[in-house]
Amino acid sequence: MKMVCPACGALMSLDVVIAHEGAREAVQMALHLPAPVGKLLIQYLALFRPPKRQLTLDRMARLLEEILPMIQDGQIRRAGRVWAAPQELWQAALQEILDRDRGHPFKRPLKSHGYLLEILASLANRAEASREAAHEERRRTAPEGKRTGPAEVSAHLERLKGAIK
């Protein structure tokens, strides 16, 4: 059975893919990805294809080996910080990078996952800020007895000091 790789454009038979160690590893890794992320990731890998050549199966396997643990762990490390990166965030970041490429194509091939990781960090930062703002709003609007801001903590400590004397 002949097939065309959606990432590298190579025409090959399924038995060649299974027999080739790098290709077999890439296929196995891709099968472990959730459906929406997996489809976008395959499209993203096409950005690594050199303009006049195919993306080798070994290179595709290495790219997947680099990124799959981050997707499975649900976090990335960037700029000395660990960012939460659930699968929904990966899906949004992959879609954003593909949309940007459609509007203004990137210089090909991409050399690393750096641009994707920057988008992920930015999205994670926005999500974190949104969660913190919602938390602060809940705290600010909580009923009087349930507030735990600095003034409430100080008042509670004063009451405890009074109770101890």
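Note that the structure is predicted; figures quoted are calculated from it, not measured. Note that these values count all heavy atoms, side chains included, but never hydrogens, waters or copies made by symmetry.
Listed by chain and residue number, nothing satisfies the salt bridge (charged side-chain N to carboxylate O under 4.0 Å, His left out) test with Glu65 (two or more places apart in sequence, or in another chain). A search for side chain to side chain contact (heavy atoms under 4.5 Å, CB included) contacts involving Pro69 returns nothing, not counting sequence neighbours. Here Gln72 pairs with nothing under the side-chain hydrogen bond (donor to acceptor under 3.5 Å, both in side chains) rule; sequence neighbours left out. A search for salt bridge (charged side-chain N to carboxylate O under 4.0 Å, His left out) contacts involving Glu137 returns Arg140, not counting sequence neighbours. With sequence neighbours excluded, no residue satisfies side-chain hydrogen bond (donor to acceptor under 3.5 Å, both in side chains) with Arg62. Among residues two or more places apart in sequence or in another chain, the salt bridge (charged side-chain N to carboxylate O under 4.0 Å, His left out) test is passed with Glu96 by Arg100. Looking at residues two or more places apart in sequence or on another chain, you find no salt bridge (charged side-chain N to carboxylate O under 4.0 Å, His left out) involving Glu88. Applying the side-chain hydrogen bond (donor to acceptor under 3.5 Å, both in side chains) test to Arg138 and every residue at least two apart in sequence or in another chain returns nothing.
For the atom pair CE (Met60) and CD (Gln54), the distance works out to 10.0 Å, reported to the nearest 0.5 Å. Atom CG of residue Leu89 and atom CD1 of residue Ile76 lie 8.0 Å apart, to the nearest 0.5 angstrom. Separation of atoms CG (Leu117) and OG (Ser122) is listed at 12.5 Å; rounding is to 0.5 Å. The line from CG of Leu47 to CG of Leu116 is 9.5 Å long, rounded to the nearest 0.5 Å. To the nearest 0.5 angstrom, Asp58 atom CG is 11.0 Å from Leu63 atom CG. Considering CD of Glu66 and CG of Leu68, their distance stands at 11.5 Å, rounded to 0.5 Å.
A chain of hydrophobic side-chain contacts below 4.5 Å, direct or via other Ile, Leu, Val, Met, Phe, Trp or Tyr residues, connects Leu98 to Val37.
Looking at heavy atoms from C-beta onward, Gln95 lies out of side-chain contact with Ile119 at the 4.5 angstrom threshold.
Sorted by first and then second residue, the ring pair (Phe, Tyr, Trp, His ring centres under 6.0 Å) pairs with a member in residues 114-141 read Phe106-Tyr115; sequence neighbours excluded. Sorted by first then second residue, the salt bridge (charged side-chain N to carboxylate O under 4.0 Å, His left out) pairs that include residues 68-79, not counting sequence neighbours, are Arg78-Glu118. Listed by first and then second residue, the ring pair (Phe, Tyr, Trp, His ring centres under 6.0 Å) pairs that reach into residues 39-97 are Tyr44-Phe48, Tyr44-His113, Phe48-His113, sequence neighbours excluded.
Between Pro109 and Pro51, the closest heavy-atom pair is CD-CD, 4.1 Å. Listed here is the closest heavy atom pair of Arg59 and Leu55: CG-CD1, 3.4 Å. The nearest pair of heavy atoms linking Ala84 to Ala124 is O-CB, 3.4 Å.
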Inset, instruction - List the steps, then state whether side-chain contact (heavy atoms from CB on, under 4.5 Å) holds for Leu64 with Leu45. - result: CA-CA 9 Å; Leu64 284 169; Leu45 290 178; 3.9 Å; yes
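Between Arg81 and Glu128 there is a salt bridge, with a side-chain nitrogen of the basic residue lying less than 4.0 Å from a carboxylate oxygen of the acidic one.
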